[in-house]
Each structure stands twice: as C-alpha cells, then as structure tokens.
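Report on the following structure.
Everything numeric here is computed off the predicted structure, so don't read it as measured data. Below, each value reflects all heavy atoms present in this structure, side chains not excepted, and no hydrogens, waters or symmetry copies.
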Amino acid sequence: MQLALGQAQAAWDVGEVPVGAVVVDADGQVMGAGYNRTIIDADPTAHAEIVALRAAARALSNYRLPGLMLYVTLEPCVMCMGAMLHARLARVCYGAADPKTGACGSVLDVGAIDRLNHHTSFHGGVLAEPCGDLLRRFFRARRGKESPL
C-alpha cells in the first residue's frame, strides 16, 4: 500500500485526485502501477486501478491477471470493480472507504453478487488513515483555492 500511496502523491503532483494503485504478484513484484489520470488524459476511465491493470496486462501480454493482487488507496468504484473482476485478480486491498461511489460495500457491494462468474476477495481499511488523509488534504487545498461566491 505504501507504493500505492506514492502513486497517489504522483497524481496530486499533476493536479489529479490523489488515488494510486499497484498490481503485484505473489512474490510482491510490481507488475503494474498507476494513478488517476482522468483530467490529464481527458479519459473518464483513467482511474488509478484501470491504469495499473492496463500496465500489468501489457507487462504480462495477457488481459487476464489470475493470482495477482491490486492495492489501491481508495475503495474502488463500480467501473473499476468490473475491470478487476474481468481481469480475474485474486485479491484487492484498498485503503480508505468511499462513501459516495465505493462499490466494495460503501454504496454497492459488487463483490457480493453471487451470480457473477468470477469472485475476487476484497479487503478494506489497509492504511486507511494515511490514504484518507491524503484525499482530505487534497480537497481541503483545492477548496482553499476556490473563490467564494
């Protein structure tokens, strides 16, 4: 998760919402990493998880990523959950819960849908405090730059 936090900081540094993700194998080797790039890429799908999954898929020359784990600093949204399930990840660990768009139980619980043909294990709250603090500081700084109406 520390590596994912580093990716989140890289997102902040370029003006993106600071969310970072890394995909690792069973030995802890990083197969892909990414951070939010929706603004700089003008791409609504360029969430940190998607960027990291794309990098891992390229590294392995395979769109399926069985046995791999993804660490992300914020609870995934439904789009990212769908991508992670399609990739066949073994496990997803996330930091801070997302009470507005989280799809691992905060708003929806996509992983709990039995009818889906693949199931990935999800574990939340990993370094939740530093993950959430980075987001809170980012939005506090962003609000501070906005002029009151």
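- Between the side chain of N62 and the backbone N or O of R64 there is at least one donor-acceptor pair closer than 3.5 Å.
- L5 has its side chain within reach of P130: a pair of non-hydrogen atoms, C-beta onward, lies under 4.5 Å apart.
- Contact annotation: the side chain of T38 never approaches that of P44 to less than 4.5 Å [non-hydrogen atoms, C-beta and beyond].
- Distance alone, capped at 3.5 Å, is enough to place a donor-acceptor pair between the E16 side chain and the I39 backbone.
- Contact annotation: the side chain of Q2 never approaches that of Y71 to less than 4.5 Å [non-hydrogen atoms, C-beta and beyond].
- Using a 4.5 Å cut-off on side-chain heavy atoms (C-beta onward), P18 and L135 make contact.
- Shown here are the side chain to side chain contact (heavy atoms under 4.5 Å, CB included) partners of H118, two or more places apart in sequence or in another chain: L85, R88, T120.
- Side-chain contact of D43 with T45: a donor-acceptor pair under 3.5 Å is present, judged by distance alone.
- A97 is linked by a side chain to side chain contact (heavy atoms under 4.5 Å, CB included) to E75, S106, counting only residues two or more places apart in sequence or in another chain.
- L70 is not listed as a side-chain neighbour of V22, based on a closest heavy-atom distance of 4.5 Å or more.
- Across all non-hydrogen atoms, the minimal contact from G34 to A52 is N-CB, 3.8 Å.
- Counting only heavy atoms from C-beta outward, the side chains of L134 and Q9 approach each other to under 4.5 Å.
- Both V107 and M84 are assigned to one and the same hydrophobic cluster, defined by single-linkage of ILVMFWY side chains at heavy-atom distances under 4.5 Å.
- Under a hydrophobic clustering in which Ile, Leu, Val, Met, Phe, Trp and Tyr are joined whenever their side-chain heavy atoms come within less than 4.5 Å, directly or via other members, I113 and M79 fall into different clusters.
- For H119, the NE2 atom is densely surrounded, since the number of other residues' heavy atoms within 6.0 Å is greater than 12.
- In this structure, CH2 in W12 is found 4.5 Å from CZ in R137, a value given to the nearest 0.5 Å.
- V110 and I50 fall into different hydrophobic clusters, where Ile, Leu, Val, Met, Phe, Trp and Tyr side chains are chained together by heavy-atom contacts under 4.5 Å.
- For the pair V30 and V23, the minimum side-chain heavy-atom distance is 4.5 Å or more.
- By the ring pair (Phe, Tyr, Trp, His ring centres under 6.0 Å) test, F122 pairs with no residue at all, sequence neighbours left out.
- You'll find the side chain of V19 reaches within 4.5 Å of the side chain of V72, heavy atoms only.
- Using a distance-only test at 3.5 Å, with no hydrogens or angles considered, no donor-acceptor pair links the side chain of N36 to the main chain of H47.
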